[in-house]
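Per chain, numbering begins at 1; letters A, B, ... match sequence-line order.
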There are 2 protein chains.
Amino acid sequence: MRADAQRNQQRILDAAEEVFTHRGASASTEEVARLAGVAIGTLFRHFPTKDDLLAAILKRLLARLAQEAATLGGADGLHIFFRRLVEQAAAKRTVVALADVSVPAAVGQLGEAVGQLLGQAQTAGTVRGDVRQPEVMALLVSLCQGALHGGWDVQLQERTLDVVFAGLAAQAPLAGSLRRPPPRPGAVGGRP
Amino acid sequence: MRADAQRNQQRILDAAEEVFTHRGASASTEEVARLAGVAIGTLFRHFPTKDDLLAAILKRLLARLAQEAATLGGADGLHIFFRRLVEQAAAKRTVVALADVSVPAAVGQLGEAVGQLLGQAQTAGTVRGDVRQPEVMALLVSLCQGALHGGWDVQLQERTLDVVFAGLAAQAPLAGSLRRPPPRPGAVGGRP
DNA sequence: TAAGATAATGAGTCGAGACTCATTTTCCAA
DNA sequence: TTGGAAAATGAGTCTCGACTCATTATCTTA
């Protein structure tokens, strides 16, 4: 590949990440090209479709996250990772793309990394043993989406994560339905 | 207001709810008009802007949800409401709009209703006392978003909600940061 | 029932944004 | 150096969807 082509491809990717993570996936390709300092035709030479471009930056993002997850570890690794991701989502739109375009391979990569973190946390006793990777990923994605759309402030984010972490830490497995103390006389309402 | 006008307004609202909850807010107004059986001009006579239309159905949806919340109650009311909403989100796009358009008044209404349910659950001892309404709303919105974008199956949804419910039920308040058993020698990693 | 106010109609305007391609420029191997 | 392949350029095309408005139809009330 020619040197200028390679350089432009990088520039376009960087610009696309900047634009799409801030303005969302509906930002225009022209804005990306402008920021990258290339003509629109050049952009489409490298990424024949807007979706191709989105998929490319998403792949990069997820790979980066997976790598970050891999450097973490230990009793708190999962929690730290969780917190960082949600913070990022609240500030930028980093993880949103996750929903708009799907790059199964990249998502799988991240899923595995999260699985590793989960395993270590469980070994260390920070997370109860009956939680599995899919629900952790589900929570992760949900909270990122929520933080993004809701525009949470720091306090709310903190309190919300605390609830989730408490759920991950709870000692007694709940086995598929809510377990609760026997209803006291005087409690309002009942089961419909 | 003339009788035909009133009838058409209803038809448009119903059609819009159907279309937007299934195809998302980016569905076209023409599709709404077609389903409603009116011309496009009629739609814009009633709702001068697409956003007005979105706001109108969102207001209706949220009011309906608030009302549903109000009929529930007791120890499990909050949990039942939570579960229903997330189920709906997984199937349709019901709650998504919540993010796209903002109708502060209607959201506030729903927030109050959820606050009521929370209070009752806390009185009944099903939810720990130090949880407040904003984080419950945050969790609710997050999980709906997650369920929607992730296309969860029933099992995953069940397991994910279980974790959240466990967090809401946990006996020991966590007071703003993760509390965990003292690290055992042999546990991997540590705090960065 | 007839006037006229109100509402419905739908072809047309307008702008935005994804994508194309004939032309020009740049790179690099010989 | 230079020939020609690879790449860049950007004005132009095309589609789609929100919104308009002159015309036609419908309702209502006196």
Give every donor-acceptor pair under 3.5 Å between a side-chain atom in residues 30-47 of chain B and any protein atom, sequence neighbours left out.
{"from": "B:E31", "atom 1": "OE2", "to": "B:R23", "atom 2": "NE", "distance (Å)": "2.8"}
{"from": "B:E31", "atom 1": "OE2", "to": "B:R23", "atom 2": "NH2", "distance (Å)": "3.3"}

Rounded distance (Å) that lies between atom [atom2] of [N] and atom [atom1] of [X]:
{"X": "B:M1", "N": "C:dA8", "atom1": "CE", "atom2": "C1'", "result": "13 Å"}
{"X": "A:L53", "N": "C:dA18", "atom1": "CG", "atom2": "C1'", "result": "12 Å"}
{"X": "A:D4", "N": "C:dT25", "atom1": "CG", "atom2": "C1'", "result": "10 Å"}

#### Entry: Residue mapping more 5' on DNA chain C - nearest nucleotide basis, B:Q9 or B:E30
B:Q9
### Message
With nearest nucleotide decided by heavy atoms, which residue, B:Q6 or A:T29, maps closer to the 5′ end of DNA chain C?
### Response
B:Q6
### Message
What I want to find out is whether B:R60 reaches B:D14 closely enough, with some N-O distance under 4.0 Å, to be called a salt bridge.
### Response
yes
### Message
Could you check whether any side-chain N or O of B:K50 sits under 3.5 Å from a backbone N or O of B:S28, counting only pairs where one atom can act as donor and the other as acceptor?
### Response
no
### Summary
By salt bridge (charged side-chain N to carboxylate O under 4.0 Å, His left out), B:E87 pairs with (sequence neighbours left out) none
### Task
Would you please name every residue forming a salt bridge (charged side-chain N to carboxylate O under 4.0 Å, His left out) with A:D4, sequence neighbours left out?
A:R2
### Query
Near DNA chain C, under 4.0 Å by heavy atom, which residues of residues 31-47 of chain B?
B:V38, B:A39, B:I40, B:G41, B:T42, B:R45, B:H46
#### Entry: Sequence-distant partners of A:T160, side-chain contact (heavy atoms from CB on, under 4.5 Å), two or more places apart
A:L143, A:W152, A:L156, B:E135, B:A138, B:L139
### Task
Could you tell me whether the side chain of B:Q133 reaches within less than 4.5 Å of the side chain of B:E112, counting heavy atoms only?
no
### Query
Any side-chain heavy atom of B:R159 within less than 4.5 Å of one from A:R132?
yes
### Message
On DNA chain D, does the nearest nucleotide to B:S28 precede the nearest nucleotide to B:R7 from the 5' side, or the other way round? Give the residue.
### Response
B:S28
### Message
What is the first contacted nucleotide of DNA chain D and what is the last, in 5' to 3' order, if contact means an atom lying under 4.0 angstrom from a heavy atom of chain A?
### Response
D:dA5 to D:dA11
